[in-house]
Amino acid sequence: MTKNRRRAKQLRRLDNLDKISKLPDDVLSCILSRLQIKDAVATSVLSKRWEDLWTNIPTLEFSDQFQRTNEYQDKIFKFKDIVDTVLYRHGGSKIENCRISCHSDYASASFYSWIWAVVCCSVQELTLQRPVYTRPPNDLPWIMFSCKTLVVLKITGSFLLDLPSCIYLPKLNTLHLDSVVYLDDASAERLFSACPCLEELNIRIRMLVPNNIRIFNITTLLLKRLSISLSDLIDDGHELVFKTNTPNLEYLTLKDINSKVHFVNPSLSLIGARISDRCAYENFQLIQNVRHLALSNNSMASLYNAIGDRDLPKLEHLSRLELGVNNIYNEWRLLPKLLESAPNLEVLVFPKGLVARKNNREFGRFYWRPLEHVPECLLFRLKTIEIRNFVGVPGEKHLVKCLLESSKVLEKMMIHCRNFLENKQWKSNRTLGDALNQIENMAKGFEACEVEFFYEEGFMIVKDFKNGRRIADFNLKMFKNQKTVDYLIVRDNLDRISKLPDEILGTILSRLKLKEVVATSILSKRWEHVWATMPNLEEFTIRSTGHVSGIKRLRTIFTCRTLVFLKIEGTFALHLPGDFCLPNLEALHLDSVIHEDDASAERLFSGCPCLEELDIKRHSRDGVHVLSISGLLLTSLSITFPKFDTDSGAGYVTKINAPDLETLTLNDEMSEEYLLTPSPSLDDACVFRKCVYGVLEGIKYVRGLTLSGNIMESLNTVVRDHDLPKFQHLSQLELGVGEYIDWSFLPKLLESTPNLENLFFPEGLVVPDYTGKNFRRFYWVSPEKTPECLLSKLKTVEIENFVGVGGEVYLILFFLESSEVLERMEISCYDLGGKWKMIGNRQQAMKEIRCCFLGSERCEVEFFE
């Protein structure tokens, strides 16, 4: 009994322990990050365990927006002390998200130092807020514009965008600039160009004083979302101009734009565009490739006034259109022109309705003029129409009637009715009921269309005219006291799975084998491209073992947004679709692929903005004479182009623009000219068979270089005709040997590598002749001037396949006598078998080398037999 009481007492004591304090620091820091900063700091008094935990909080938020009371000034002083203390105690610990909102002049004096401290903590998301109209603007620390960890940067308010000479934000993905003060045109352009991974850009200008910028140059190849908003601008006679080069833009928002927006390289992948308030005709021309378009509020009126008698540009890819309505413009005279400009429109939505409210009880009216001729989209494409806030005025009824009569392939019309019962507007309610009854009777003549009526509070009335059934009767008077009535539509014998969204179908297909997945593309046009939406489709390989063939149904793979690795092997004739884009592709291997022309190959590479690895094995009939490769994120590149017998071999040119290239392999025997942009990050380069001057000029920043194979002949030609570029960063060099032996280029090559530390001859210095019994010989003449690398840098020389002929010995003696800091020379001997005479000559050569004068006292010479 005593033992049981003691045991129960121990259990009660364990229950009273502080269990939360035993959690790991990371978990506790995550919990504290959910609290306000003052509450998190207050936990430091709980115990010694909690004293410093708050200093590791990864999320910080500071704001001095207090109510204007008698204690306001004291709160501002205390706010500044808290921010100083928190950032000081944080001690450089990593900050994931930081938001600083400062509206008082006293606290804003420390804004500069606060930002500096946050950036030094490897911040990932940074939000800065100041009042918009405060003057003078705050300066930003230059260290913020070279932060390598920053992913999201949002700046709102009076900040001066004065940039340093060196800007680089390699990981910045999202940038919001709201009401900042630009120093000049170049400041904004330099900021955008310093963000190679920028995908979202939001620009808002709303100043009551003139700004210093007139032209925005936005060049970001990976940008997917762009929003431009103007408001409260002073009309000083100048016009803002936006020049954008964003070939991969997917979403565009223009708000109150009365400025010029010029797209240098219009995006072929534009998915959605939203134009609010003012809309100029020139701005409408920029979105000709858009798929979803929304014109909200005043944009309809301004666009109608802007175009006059002109026709709108053709929107060939537009499939969804949303149209707004305002309090003044209710005529809908622009609607016919919009429908004519969208021949492939499938969905038409009126999210604000067809009429706008004049006051609390009245709505605007309009007169709908019948169409002179039916737009193409109504005859062949339009399938869904959705109208919200339906009131029942005559203009609405006439417009709905016109759409029903003209739309030959319309499948569904949804009408959402405004609720008048809540405000007891019985007259408007009766008008709405009469209008809906007229539409109901009218729709009976259109068998292919299904009309649905939705009440604002939730009930739905459905007429299924396709099957000649009345699913539900409709009379608004029945529902004065009933707010929600739901009806379930049961439609039998339909292919329901085909109506599922692409994302769901892609998930279903991901459970099948890839061969079976691709086979579903022949089911119908609906299934032709669904397989490319598989969420786990990251690697794909296409092989062909026969003659030249084309990729037909597999062309869908060139619009797959999840694909990471793509390999195409065999003589495929590559025809890219018009909407080609592989936004997430990181590795691409092409083996004997045949392109249509130079532009086709260039388009292939430019459509892969995230490409990091590229391996090309060119075919003799690939159709490309000028191969242009551009990849801002490309780190590994390999090109193989074997020699073939044809008269068309002359004139091959290769252009490479890869500023972040790290590894380069060239086995190109056909290209006569290389235009290679030098990459400061190039670690390793291998050049086989043939070398032209453009290659050496393009790899001048390389750290490790291999010149292998039968490259000596072309290398001697380059040395004879040009001065070699300086390889200031080259520390390791490997030189191969082929049938043509002539080491006369070596002195000039060594002169161009002042920092060379390691020199390797992995294939030796000579090769056997055509008989296989003897070795080809060469004559070595030591240069008059010793190369700089031998005097101060060269530490290791390794030579394989040593035979002992005269040229070899003289070259080795040159290195030993001239290298003043050489530490080690390794010589591996060639297996001569039973050739005793040659073995004896080699022994004599080895003895001569061992007894020679050494320029470096620390040098060790080792032979490996």
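This structure is a prediction, so every number in the text was calculated from the model and none was measured.
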Which heavy-atom pair separates L160 from P137 by the least distance, and what is that distance?
N-CB, 3.8 Å

If we ignore angles and hydrogens, is there a donor and acceptor under 3.5 Å between the side chains of H317 and Q288?
no

Just verifying a value: how many Å separate L177 CG and R204 CZ, rounded to the nearest 0.5 Å?
13.0 Å

Measure across K397 and G392 and return the closest heavy-atom pair with its distance rounded to 0.1 Å.
CE-O, 4.0 Å

Output for pair (T253 OG1, L226 CG), nearest 0.5 Å, gives 8.0 Å

Nearest heavy-atom pair of C581 and N248: which atoms, and what distance?
SG-OD1, 3.8 Å

Is the closest side-chain heavy-atom distance between L345 and L378 below 4.5 Å?
no

Over all heavy atoms of both residues, which pair between P583 and C610 is shortest? Give the atoms and the distance, please.
O-SG, 3.2 Å

List the atom pairs, with distances to 0.1 Å, where a side-chain N or O of residues 379-387 and a protein N or O form a donor-acceptor pair under 3.5 Å, not counting sequence neighbours.
residue, atom, partner, partner atom, Å
R381, NE, N344, OD1, 3.3
E386, OE2, R388, NE, 3.3
E386, OE2, R388, NH2, 3.1
E386, OE2, H416, NE2, 3.1

Closest heavy-atom pair, V290 versus G272, reported as atoms and distance to 0.1 Å, is CG2-C, 3.8 Å

Please report the closest heavy-atom contact between E396 and V355, naming both atoms and the distance.
OE2-CG2, 4.0 Å

Between OG1 on residue T127 and CG on residue N97, distance to nearest 0.5 Å:
6.0 Å

Residues at least two apart in sequence or cross-chain that pass side-chain contact (heavy atoms from CB on, under 4.5 Å) with L632, listed by chain then number, are L221, P659

Donor-acceptor pair between E322 and H292 side chains, under 3.5 angstrom
no

Under 6.0 Å between the ring centres of Y182 and F216?
yes

